[in-house]
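The structure appears right after this line, and notes come after that.
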Amino acid sequence: YMIIDTHAHCYWDNIEPRIGEVVSNMVKNKVTKAVQIGCDIESSLKAIALAKLFPGIFYATVGHHPETAQHISDYSIIEFEKLILENRDCIVAIGETGFDHHYLTPWIESKQKMNQEKWWLLQWELAQKYNLPLVIHTRDARDATLEFMIRHNINRAVIHCYSEDPIFAQSLLNFSDEIYFAFGGILTYKKSELVQETAKILPLNRILLETDSPFLSPQAVRGTVNEPAHTRYIFDRLCEIRTESPKEIEDTIYQNSLRFYGIS
């Protein structure tokens, strides 16, 4: 079968030194492409470098992760825009951006939340300017994420590493028909009933698969460094959850991935 890992960080130092092996493992497991996600300027540059090294296999995004963004009050998007202009051939989205309320510092929490909001909006404006979708990270910020997306009409995006319940997904389905939901290793964990329930009831044409490599290895390889080849374990789990045939699931999600990222 053919699978796309829609969200990976293969430039991380515990995976990048064996990148040749990572790519050959992808080939063995029919994982044909992996999108390398930027979290700040430095990692965005590394994502682009990987996409240049393996064209047609790796693609890149550029952006500030909310955990990075909360510490940055200089709201200049110029460097990211420059990266897009210079590397339009391999950049397929903006982000990951969004809200992460997990690591806020109590005495400056409101300032950090404001920084996350400002950076999310700047990245959304950039995405619209260059006709790119947005990769959204949400952690411990469920209601804030939903409210912010609807208020600012952030209507073309993927909720990466889905870890919420069916109600959150349904609210976004009602809001926009260009919101996608990417499932990773969490889908394979025994205690993730609400995530599995969401994967079961979502329209198949709105589902993507991802690893978030090198993090969140699927249950079958838990405790190891995650890599794009492991997308197949998430695919297998999805096939157990859904009623469609594996062939239909594979074909539909492959097309979803190409369509969302504008990859031909």
Side-chain angles (χ1 to χ4, degrees), residues 6-7 35 37 61 63-67 69-70 93-104 109-110 112-128 131-189 191-210 212 216 234 237-238 241-244 249 252-253 255-257 259-261:
T6 63
H7 191 115
V35 181
I37 307 288
T61 78
H64 263 325
H65 189 291
E67 270 182 58
Q70 74 189 39
I94 305 295
E96 59 188 283
T97 182
F99 289 156
D100 192 316
H101 292 170
H102 191 73
Y103 291 112
L104 295 172
E109 190 174 299
S110 60
Q112 290 178 338
K113 283 183 176 177
M114 189 184 83
N115 284 349
Q116 289 190 12
E117 286 186 17
K118 290 242 178 136
W119 274 108
W120 189 352
L121 275 185
L122 284 168
Q123 289 175 86
W124 173 232
E125 286 164 11
L126 197 61
Q128 290 174 291
N131 192 28
L132 291 166
L134 210 56
V135 178
I136 293 175
H137 168 107
T138 176
R139 185 180 189 193
D140 295 351
R142 171 213 163 97
D143 295 341
T145 295
L146 186 61
E147 189 274 332
F148 194 79
M149 288 178 72
I150 292 169
R151 174 155 47 102
H152 294 288
N153 199 31
I154 299 169
N155 58 5
R156 186 180 168 208
V158 59
I159 304 296
H160 122 79
C161 194
Y162 195 85
S163 57
E164 300 293 346
D165 61 10
I167 297 164
F168 180 81
Q170 190 58 56
S171 303
L172 287 171
L173 285 175
N174 296 343
F175 161 61
S176 168
D177 58 9
E178 287 191 279
I179 303 285
Y180 289 76
F181 304 85
F183 293 92
I186 291 171
L187 186 71
T188 67
Y189 301 163
K191 291 182 178 171
S192 300
E193 289 100 339
L194 290 173
V195 174
Q196 291 164 11
E197 185 60 31
T198 308
K200 185 177 180 178
I201 64 166
L202 274 173
L204 187 59
N205 67 357
R206 305 286 278 280
I207 292 176
L208 304 178
L209 297 175
E210 63 160 84
D212 204 14
L216 294 169
I234 300 148
R237 185 70 188 106
L238 187 68
I241 292 167
R242 302 284 302 193
T243 55
E244 302 92 345
I249 293 170
T252 306
I253 292 179
Q255 291 305 319
N256 295 350
S257 308
R259 182 171 66 249
F260 178 75
Y261 280 123

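All residue numbers refer to positions in the sequence shown, counting from 1. Note that this is a predicted model, so its numbers are computed, not measured.
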Distance (rounded to the nearest 0.5 Å) between [X] [atom1] and [Y] [atom2]:
X      : Y      : atom1 : atom2 : answer
Ile94  : Trp124 : CD1   : CH2   : 11.0 Å
Ser176 : Ile154 : OG    : CD1   : 11.0 Å
Glu109 : His101 : CD    : NE2   : 8.0 Å
Tyr180 : Asn205 : OH    : CG    : 6.5 Å
Ile179 : Ile136 : CD1   : CD1   : 6.0 Å
Leu187 : Thr198 : CG    : OG1   : 9.5 Å

Less than 4.5 Å apart, side chain to side chain, heavy atoms only: is that true for [X] and [Y]?
X      : Y      : value
Leu173 : Leu202 : yes
His102 : Glu67  : no
Tyr103 : Asp140 : no
Leu134 : Trp120 : yes
Ile207 : Arg242 : yes
Phe99  : Gln70  : no
Leu132 : Gln123 : no
Leu238 : Ile253 : yes

Closest approach of [X] to [Y] (non-hydrogen atoms, all atoms of both residues):
X      : Y      : result
Ala93  : Tyr261 : CB-CE2, 3.5 Å
Ile249 : Leu204 : CA-CD2, 3.9 Å
Pro66  : Gly98  : CB-O, 3.2 Å

- Worked verdict on His65 versus Thr97 for side-chain contact (heavy atoms from CB on, under 4.5 Å): CA-CA 5 Å; His65 189 291; Thr97 182; over 6 Å; no

- Query: What salt bridge (Lys or Arg N to Asp or Glu O under 4.0 Å) pairs are there with at least one residue in residues 161-176, not counting sequence neighbours?
  - Reply: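 Listed once each, the pairs are Arg142-Glu164, Arg142-Asp165.
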
- Message: Please list all pairs meeting salt bridge (Lys or Arg N to Asp or Glu O under 4.0 Å) that have one or both residues in residues 173-183, counting only residues at least two apart or in different chains.
- Response: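 Listed by first then second residue: nothing to list.
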
- Query: Are there more than 12 heavy atoms of other residues, nucleotides or ligands under 6.0 Å from atom CD1 of Ile201?
  - Reply: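 Yes - once you tally the heavy atoms of other residues, nucleotides and ligands closer than 6.0 Å, there are more than 12.
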
Return a table of donor-acceptor pairs under 3.5 angstrom between the side chains of residues 143-150 and protein atoms on other chains or two or more places apart.
unit_1	atom_1	unit_2	atom_2	d
Thr145	OG1	Thr138	OG1	2.7
Thr145	OG1	Ala141	O	2.9
Glu147	OE1	Arg151	NH2	3.1
Glu147	OE2	Arg151	NE	2.7

- Query: Side chains of Asp100 and His137: donor-acceptor distance under 3.5 Å anywhere?
  - Reply: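 Yes, because at least one side-chain N or O of Asp100 sits under 3.5 Å from a partner of the opposite role on His137.
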
- Message: If the condition is side chain to side chain contact (heavy atoms under 4.5 Å, CB included), which residues does Tyr189 pass it with, not counting sequence neighbours?
- Response: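 Applying side chain to side chain contact (heavy atoms under 4.5 Å, CB included) to Tyr189 gives Ile186, Ser192, Leu216, Gln219, Arg222.
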
- Could you tell me which residues satisfy side chain to side chain contact (heavy atoms under 4.5 Å, CB included) with Glu210, sequence neighbours excluded, listed by chain and number?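 With sequence neighbours excluded, Glu210 shows a side chain to side chain contact (heavy atoms under 4.5 Å, CB included) to Asp5, Thr6, His7, His160, Cys161, Ala182, Asp212, given in chain and number order.
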
- Message: Between the side chains of Glu117 and Lys113, is the shortest nitrogen-to-carboxylate-oxygen separation below 4.0 Å, so that they form an ion pair?
- Response: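 Result for this pair is no, no salt bridge flagged.
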
- Task: Just jot down the ring-ring contact (aromatic ring centres under 6.0 Å, His included) partners of Tyr162, sequence neighbours excluded, or say none.
- Result: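 So Tyr162 forms a ring-ring contact (aromatic ring centres under 6.0 Å, His included) with Phe181, Phe183.
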
